Q: 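The structure that follows is given in the form of structure tokens.
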Amino acid sequence: MMRDSHLTHHAPWIKKMLMSEPTTSSPILEMRGITKRFPGVLANDHADLELYPGEVLALLGENGAGKTTLMNVLVGLYRPDEGEIFVHGQRVEIHSPRDAAALGIGMVHQNFMLVPTMTVAENIVLGMSNLPFVPRMAEIARRIRAISQRYNLEVDPNAYIWQLSVGEQQRVEILKLLYRGAEILILDEPTAVLTPQESHELGRILKRMTDEGKSAVFITHKMEEVMEFSQWVRVMRAGRVVAVKKTAETNPQELARLMVGREVLFRLEKNVCTPGDVVLELRDVHAENDKGLPALRGVSFTIHGGEILGIAGVAGNGQRELVEVITGLRKATRGKVLINGEDRTNKPPLDIIRSGVSHIPADRIGMGAVADMAVADNIAMKGYRQPPLTDHGILHPRRILELAQRMITAFRIATPTPQTHIKFLSGGNIQKVILAREIEACAGLLVAAYPSRGLDVGATEAVRRRLLEQRDAGRAVLLVSEDLEELLTIADRIAVLFEGRVMGILPAATADIETLGLMMAGAQEVGE
Ligand SMILES: Nc1ncnc2c1ncn2[C@@H]1O[C@H](COP(=O)(O)OP(=O)(O)O)[C@@H](O)[C@H]1O
Ligand SMILES: [Mg+2]
């Protein structure tokens, strides 16, 4: 079977003539020459895709490369401007997700589409009312349990969606597709929201499905997952498929280079840390979570200027509350927060911003951007009151544009122009706009919650570089991350949060993953 990219433009009979190995099966799906234009953007440029039964195809590419668009074309959410789709060798027209479902194609979108106030079973049969008859709920639940067991997708059909974790909700989305008989499953960045354990579990579920002859297109930025889950990889860049590789014959470094179009450094050069004065100090801080339960139980630490303190921990151990207490978004019930030696405990967010604090929130789309404003204005939003963007009350549109242009280049933000409204950008690119703004506007303390989450390798590298630049410029950085490699690479010290307490603070230079892992599980406490 020959599936090199230089052959994908040829007609099937030419490919057959050129094939050196005997074919074991024919593709279950082929997309040929798919082109999709949006105003000012060529989202897909003659993109090809082939998928074989029992195969996981990883679709890899930077934010904005056109992966989601290509899959939205496949499930009938977008009409392509050019190109053809074949399922089991038959040319098909897909006008809606319903058409796609009838062909056995289903997609789990980046943002789940479940109704929180309904049960798992209700969500699964929702929208299936066009069937000749709707079975009774008990029968539906029985069928769901059968599928759950077969694929190891553990969920209670009678649970309400709002009661489920993100990982469980994702299982419901997958179950929903399987219930409807999907043979081809498209998972759009399914692990961006999962813990490492949940991602691992998803890998097992995928394996189970492909053992049964189903196929999957798996979109991700994470190289380890590509290497672990897929048999083939297609790399997209600027709307085009730039490489087709057999997973066993490639490696993360090569894939990263193909994605970004240049060499990517996984290991960043780090200067020696030269700590200055204490910028942030927490003294015995307590706080509650949204349900009124204790979330922080006596957190104390300091961060100096010129230093990055990493916060490690399994999500839900107080990270969110910690960030919110520091940035004024949540009240501390006890203890003190000092910024540059001044008591800033429970001050409103605007006061905190004025004391030189920047915040990259975990929920970037919800908290960080104005959808109906231009990219340039979103970038300038924080700095527009100060020089150089304003002097003596006069705004300088040219300087705003220059700043925006610089950030667009530095962070590789895929936008047609700096004036494009941010709502037209892909999710990853909206994130980059907010990151660029917060990092650029930082004056004393940068609180970064999961800054590289959901970003591609090129953007991740840019973000990490910028965090190190801030540190080298003498600022204090609080870096909350679920990626231990990231913490070990760029933090100077790493504090581990477990059940709202600091289990210990280790120098990053001597910390190892195993010790950190034990501390994250609450098994080992280490003094500073
Ligand atoms: N509905 C849309 N309207 C306008 N532009 C869009 C739309 N959807 C995607 N785009 C643009 O198409 C390009 C590809 O986006 P997308 O397919 O979401 O990329 P990826 O999934 O690889 O991150 C981006 O530049 C994005 O801004
Ligand atoms: Mg996408």
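Small disclaimer: the values here were computed from a predicted structure and weren't measured. Counting convention: from 1, in listed order, for ligands and their atoms alike.
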Q: Could you check whether any heavy atom of Gly66 sits closer than 4.0 Å to an atom of ligand 1, since that is the contact criterion I want to use?
A: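 Gly66 counts as a contact of ligand 1 under the 4.0 Å cut-off.
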
Q: Using a strict 4.0 Å cut-off to heavy atoms of Leu425, name the atoms of ligand 1 that fall inside it.
A: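 Selected atoms, number and element: 27 (O).
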
Q: Does the salt bridge (charged side-chain N to carboxylate O under 4.0 Å, His left out) test come out yes or no for Glu201 and Arg204, once each step is laid out?
A: CA-CA 5 Å; Glu201 184 56 32; Arg204 284 221 292 274; 2.7 Å; yes

Q: Could you tell me whether Phe86 atom CZ has more than 12 heavy atoms of other residues or ligands within 6.0 Å of it?
A: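 Yes, CZ of Phe86 has more than 12 neighbouring heavy atoms, counting only those of other groups under 6.0 Å.
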
Q: Got more than 12 heavy atoms from elsewhere within 6.0 Å of CD, Gln163?
A: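 Above 12, so yes.
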
Q: Atom NZ of residue position Lys423 - does it have more than 12 heavy atoms of other residues, nucleotides or ligands inside 6.0 Å?
A: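 Counting other residues, nucleotides and ligands, NZ of Lys423 exceeds 12 neighbours.
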
Q: Testing Leu185, Asp188, Leu177 for side-chain contact (heavy atoms from CB on, under 4.5 Å) with Val108, which one passes?
A: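 The residue from Leu185, Asp188, Leu177 that satisfies side-chain contact (heavy atoms from CB on, under 4.5 Å) with Val108 turns out to be Leu177.
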
Q: With the threshold set at under 4.0 angstrom, would you say Met236 reaches ligand 1 through any of its heavy atoms?
A: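 Met236 does not count as a contact of ligand 1 under the 4.0 Å cut-off.
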
Q: Heavy-atom contacts with Tyr78 under 4.0 Å: which atoms of ligand 1 show up? List them by number with element.
A: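 Going through ligand 1 atom by atom, the ones under 4.0 Å from Tyr78 are 1 (N), 8 (N).
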
Q: Thr69 heavy atoms, cut-off 4.0 Å: which ligand 1 atoms fall inside?
A: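 Result: 9 (C), 14 (C), 15 (O), 16 (P), 17 (O).
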
Q: I'd like to check which ligand 1 atoms, numbered from 1 as shown, lie under 4.0 Å from a non-hydrogen atom of Ala43.
A: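 Atoms satisfying the 4.0 Å criterion: 12 (O), 13 (C).
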
Q: Assess whether salt bridge (charged side-chain N to carboxylate O under 4.0 Å, His left out) is satisfied between Arg32 and Glu30, documenting all intermediate values.
A: CA-CA 6 Å; Arg32 283 193 213 145; Glu30 268 186 273; 3.2 Å; yes

Q: State the atoms of ligand 1, each with its element, that fall below the 4.0 Å cut-off from a heavy-atom position in Ala65.
A: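 It comes down to these atoms of ligand 1: 19 (O), 20 (P), 22 (O).
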
Q: Going through the checks in order, is the salt bridge (charged side-chain N to carboxylate O under 4.0 Å, His left out) test met by Arg37 and Glu82?
A: CA-CA 10 Å; Arg37 291 183 193 88; Glu82 284 170 51; 3.6 Å; yes

Q: Please determine if Phe38 has a nitrogen or oxygen closer than 3.5 Å to a nitrogen or oxygen of ligand 1.
A: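 The answer is no, given that Phe38 and ligand 1 share no N or O pair closer than 3.5 Å.
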
Q: Grab the two heavy atoms, one from Leu425 and one from Ile413, that are nearest each other, plus how far apart they are.
A: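 Shortest heavy-atom separation between Leu425 and Ile413 comes out as CD2-CG2, 4.0 Å.
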
Q: Number the atoms of ligand 1 from 1 as they appear, then name those within less than 4.0 Å of a heavy atom of Glu62, with their elements.
A: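 Listed by number with element: 22 (O).
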
Q: Taking the six-membered ring of Tyr151, is the NZ or CZ of Arg171 close enough (under 6.0 Å from the centre) and on axis enough (within 45°)?
A: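 Cation-pi check for Arg171 and Tyr151: fails.
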
Q: Check step by step if salt bridge (charged side-chain N to carboxylate O under 4.0 Å, His left out) holds for Glu324 and Arg320.
A: CA-CA 6 Å; Glu324 290 179 352; Arg320 181 168 151 215; 3.3 Å; yes

Q: Without swapping roles, check the side chain of Asp483 against the backbone of Glu486 for a donor-acceptor pair under 3.5 Å.
A: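 Yes, because the side chain of Asp483 sits within donor-acceptor range (under 3.5 Å) of the backbone of Glu486.
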
Q: Could you give me a count of protein N/O/S atoms that are under 2.8 Å from the Mg ion (ligand 2)?
A: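 My tally for this metal is 1.
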
Q: What atoms of ligand 1 come within less than 4.0 Å of a heavy atom belonging to Val41?
A: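 The list of qualifying atoms is 12 (O), 13 (C), 25 (O).
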
Q: To check your reading of the model: name the closest protein heavy atom to atom 27 (O) of ligand 1, its residue, and the distance in Å.
A: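 That would be Phe424 O, 3.1 Å.
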
Q: Quick one: nearest non-hydrogen protein atom to atom 14 (C) of ligand 1, plus distance?
A: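 Scanning the protein heavy atoms, the shortest distance from atom 14 (C) of ligand 1 goes to Gly64 O, 3.4 Å.
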
Q: More than 12 foreign heavy atoms under 6.0 Å from CZ of Arg466: is that the case here?
A: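 More than 12 heavy atoms, drawn from other residues, nucleotides or ligands, come within 6.0 Å of this atom.
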
